[in-house]
Amino acid sequence: MKKIAIFASGSGTNAENIIKYFTSGDKVTVVGVFTNNPKAGVIERVKKYGIEAEVFSKTQLFENEFLQKINSIQPDLIVLAGFLLKFPETIIADYPNKVINIHPALLPKYGGKGMYGMHVHNAVVENNEAETGITIHYVNEHYDEGGVIFQKSFVLSGTETSEEVASKIHELEHKYFPEVIAELLES
């Protein structure tokens, strides 16, 4: 059985979607959900699946104790699903090419610190981009600069609102993120 640890900071729709995707099978299990936000929606979302999300502080994330906790569950893949903190280099070093993230734009455009959620969609619309999409990538020591694993785009008509772009992005995330995770765990 392959094990996934999920990190999320917000509503948790991607985390829930990943959990749902793998609940019917017997090859992958989510062994932990972690959040730095005590008010994150992900906490309630994952309870439906019998998972207690663990809340931690930014300081705790970078302590050796936290690394030991991750090592004790031995995840085959660490999935950042709307996780907004920079991920610790110590964990990245212990899990090379085993920490992935999803970004709501076609990297390298609209990546980096502060570029998440509606900030990205607003920038895409304001700059009249011809297309946008999602990027699933490995996590390294820099925001949104790890190697690209998968991208999926769609054409913009130029009349979409940021909210409409966000809705289309969520559809792509929900369809492709679990599939890419499954492929990575099979390889």
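Counting begins at 1 with the first residue of the sequence. What you see is a predicted model; the values in this text were computed from it and never measured.
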**Item:** Closest non-hydrogen atom pair between Leu106 and Thr135, with its separation
**Value:** CA-OG1, 3.4 Å
**Request:** Could you tell me whether the side chains of Tyr95 and Asn71 share a donor-acceptor contact shorter than 3.5 Å?
**Result:** yes
**Asked** Are any of the side-chain heavy atoms of Thr132 and Val165 separated by less than 4.5 Å?
**Response** yes
**Asked** Between the side chains of Glu173 and Asn14, does any donor sit under 3.5 Å from an acceptor?
**Response** yes
**Item:** From Lys47 atom NZ to Glu44 atom CD, the distance as rounded to the nearest 0.5 Å
**Value:** 4.0 Å
**Prompt:** If you draw a 6.0 Å radius around NZ in Lys109, do more than 12 non-hydrogen atoms from other residues or ligands fall strictly inside?
**Reply:** no
**Prompt:** Looking only at heavy atoms, what is the nearest atom pair of Phe177 and Asn101, with distance?
**Reply:** CZ-C, 4.4 Å
**Request:** Report whether Tyr143 and Leu61 are members of the same hydrophobic cluster (ILVMFWY, side-chain heavy atoms less than 4.5 Å apart, transitive linking).
**Result:** no
**Fill in**
Those residues at least two apart in sequence (or on a different chain) that pass side chain to side chain contact (heavy atoms under 4.5 Å, CB included) with Glu89 are Glu141
**Asked** According to the interplanar angle, ranging from 0 to 90°, do the rings of Phe7 and Phe34 count as parallel (below 30°), tilted (30 to 60°) or perpendicular (above 60°)?
**Response** parallel
**Item:** OG on Ser57 to CD on Glu63, rounded to 0.5 Å
**Value:** 6.5 Å
**Request:** Work out which heavy atom in Gly146 is nearest to a heavy atom in His137; give both atom names and the distance.
**Result:** O-CB, 3.7 Å
**Prompt:** Do the side chains of Ile18 and Leu184 join up, straight or via other hydrophobic residues, at under 4.5 Å, putting them in one cluster?
**Reply:** yes
**Request:** Check Glu179 against Tyr21 and note the closest heavy-atom contact, atom names and distance.
**Result:** CG-OH, 3.8 Å
**Request:** Output the distance between atom CZ (Phe22) and atom CE (Met1), rounded to the nearest 0.5 Å.
**Result:** 11.5 Å
**Item:** Backbone of Glu129 reached by a side-chain donor or acceptor of Asn127 within 3.5 Å
**Value:** no
**Prompt:** What about Phe56 and Val33, same hydrophobic cluster or not, with Ile/Leu/Val/Met/Phe/Trp/Tyr joined at side-chain heavy-atom distances under 4.5 Å?
**Reply:** no
**Prompt:** Between the side chain of Arg45 and the main-chain N/O of Ala15, is any donor-acceptor distance below 3.5 Å?
**Reply:** no
**Message:** Using 0.5 Å steps for rounding, measure from the NZ atom of Lys113 to the NZ atom of Lys86.
**Reply:** 8.5 Å
**Item:** Shortest non-hydrogen contact from Ser9 toward Asn37
**Value:** O-ND2, 3.1 Å
**Results of side chain to side chain contact (heavy atoms under 4.5 Å, CB included) for Lys168 - residues two or more places apart only** = Phe154, Glu160
**Message:** Taking the side chain as everything from C-beta on, heavy atoms only, tell me whether Lys69 gets closer than 4.5 Å to Glu54.
**Reply:** yes
**Heavy-atom pair of closest approach, residues Tyr138 and Asn97** = CE2-O, 3.4 Å
**Prompt:** Same hydrophobic cluster for Leu85 and Phe62, using side-chain heavy-atom links shorter than 4.5 Å among ILVMFWY?
**Reply:** yes
**Message:** Between His121 and Ile169, does the side chain to side chain contact (heavy atoms under 4.5 Å, CB included) criterion hold? Intermediate values first, please.
**Reply:** CA-CA 9 Å; His121 309 312; Ile169 290 291; 3.6 Å; yes
**Item:** With sequence neighbours excluded, residues passing salt bridge (charged side-chain N to carboxylate O under 4.0 Å, His left out) with Lys27
**Value:** none
**Message:** As a test of understanding, state which of Ile6, Ile92, Val139, Ile70 forms a side-chain contact (heavy atoms from CB on, under 4.5 Å) with Ile78.
**Reply:** Ile70
**Message:** Treating Thr35 as the side-chain partner and Ala8 as the backbone partner, does any N or O pair qualify as donor plus acceptor under 3.5 Å?
**Reply:** yes
**Request:** Kindly work out whether a path of hydrophobic side-chain contacts (I/L/V/M/F/W/Y, heavy atoms less than 4.5 Å apart) joins Ile181 to Val30.
**Result:** yes
**Asked** Are Ile19 and Val46 close enough, and set up right, to give a side chain to side chain contact (heavy atoms under 4.5 Å, CB included), and what steps lead you there?
**Response** CA-CA 8 Å; Ile19 293 166; Val46 300; 3.5 Å; yes
**Prompt:** Under a 4.0 Å N-O cut-off, is there an ion pair linking Glu186 with Lys2?
**Reply:** no
**Request:** Would you confirm whether Asp144, through its side chain, and Gly112, through its main-chain N or O, come within 3.5 Å as a donor-acceptor pair?
**Result:** yes
**Asked** What is the ring orientation for His174 with His170, classed by angle as parallel under 30°, tilted 30 to 60°, or perpendicular over 60°?
**Response** tilted
